[in-house]
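Note that this is a predicted model, so its numbers are computed, not measured.
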Amino acid sequence: EVKLEESGGGLVQPGMSVKLSCATSGFTFSDYWMEWVRQAPGKGLEWVAEIRNKANNYATYYGKSVKGRFTISRDDSKSIVYLQVNSIRSEDTGIYYCTEGFAYWGQGTLVTVSS
Amino acid sequence: DVVLTQTPVSLLISLGGQASISCRSSQSLVHSNGNTYLHWYLQKPGQSPQLLIYQVSNRFSGIPDRFSGSGSGTDFTLKISRVEPEDLGVYYCLQRTHNPLTFGSGTKLEIK
């Protein structure tokens, strides 16, 4: 059974940093591209970042609103994908989902940006 | 960036009825490899999105044949026949052909 579990969310002050993690199991993690998607309260889905697999040189891509502030990374030995969020803003508030190639999704972790 | 325009914004459908959702793209979603990376998702209240249809018309594992996808190029449709109570939620289309990846703004399905 494929499982993805996000963690690391919580209340964060504007301008600070937070690192989200997504632990996975049930599939060969190293073979797959991994994504982060977020959803602001009451809003739609927004793609945030992608990291490809070793065969694709671990290439990374970002949405325009987060480029330069967010960093996606992965640890294939632990089957975990990360999202480092720097210089966080109020508009970054929302649920952050990790997904394996957009097929399987975690339950999300809530990040609230507030002073 | 590719803009996906979903219509209608909301749908009110009777149990057993049929729903149709349109997703129109601002540019062709045919990838250079010949594939079209247009997918459909349902987000039920309080849940994560779930994949229904991938690459225009392929049902994901466990998805009933009441759900069907069609279209090509810039114009795509999701049809739900024999609507059931568990079909309520927000439907999204997603394109993975072009970076940045983009979602449609969603269509809320309510049951009469």
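A:Phe27 and A:Tyr82 fall into different hydrophobic clusters, where Ile, Leu, Val, Met, Phe, Trp and Tyr residues are linked whenever their side-chain heavy atoms come under 4.5 Å apart, directly or through other members. In the hydrophobic cluster analysis, where Ile, Leu, Val, Met, Phe, Trp and Tyr join through side-chain heavy atoms closer than 4.5 angstrom, A:Trp33 is grouped apart from B:Leu101. Hydrophobic clustering of Ile, Leu, Val, Met, Phe, Trp and Tyr side chains at less than 4.5 Å, counting indirect connections, unites A:Leu110 with A:Val18. In the hydrophobic cluster analysis, where Ile, Leu, Val, Met, Phe, Trp and Tyr join through side-chain heavy atoms closer than 4.5 angstrom, A:Leu11 is grouped apart from A:Leu83. There is no path of hydrophobic side-chain contacts, each under 4.5 Å, that joins B:Val3 to A:Val37.
The neighbour count for A:Arg52 CZ, taken as heavy atoms of other residues, nucleotides or ligands under 6.0 Å away, is above 12. The neighbour count for A:Glu46 CD, taken as heavy atoms of other residues, nucleotides or ligands under 6.0 Å away, is above 12.
The most heavy-atom pairs under 4.5 Å with chain B, out of A:Gly63, A:Ala103, A:Gly108, come from A:Ala103. Among the candidates A:Tyr104, A:Tyr62, A:Phe102, the residue making the largest number of heavy-atom pairs closer than 4.5 Å to chain B is A:Phe102.
Atom CZ of B:Phe103 is separated from atom CD of A:Gln39 by 9.5 Å, given to the nearest 0.5 angstrom.
There is no contact between B:Gln50 and chain A, counting heavy-atom distances below 4.5 Å. Heavy-atom distances place the side chain of A:Tyr97, and not its backbone, under 4.5 Å from chain B. Proximity to chain A (any heavy atom under 4.5 Å) is restricted, for B:Tyr41, to the side chain, taken from C-beta onward. Heavy atoms of A:Glu50 lying under 4.5 Å from chain B belong exclusively to its side chain. Neither the backbone nor the side chain of A:Lys67 comes within contact range of chain B, judged by heavy atoms closer than 4.5 Å.
Considering every non-hydrogen atom in both A:Gln107 and B:Ser48, the closest pair reads CA-OG, 3.4 Å. Across every non-hydrogen atom of B:Tyr92 and A:Gly44, the tightest pair is OH-CA, 3.4 Å.
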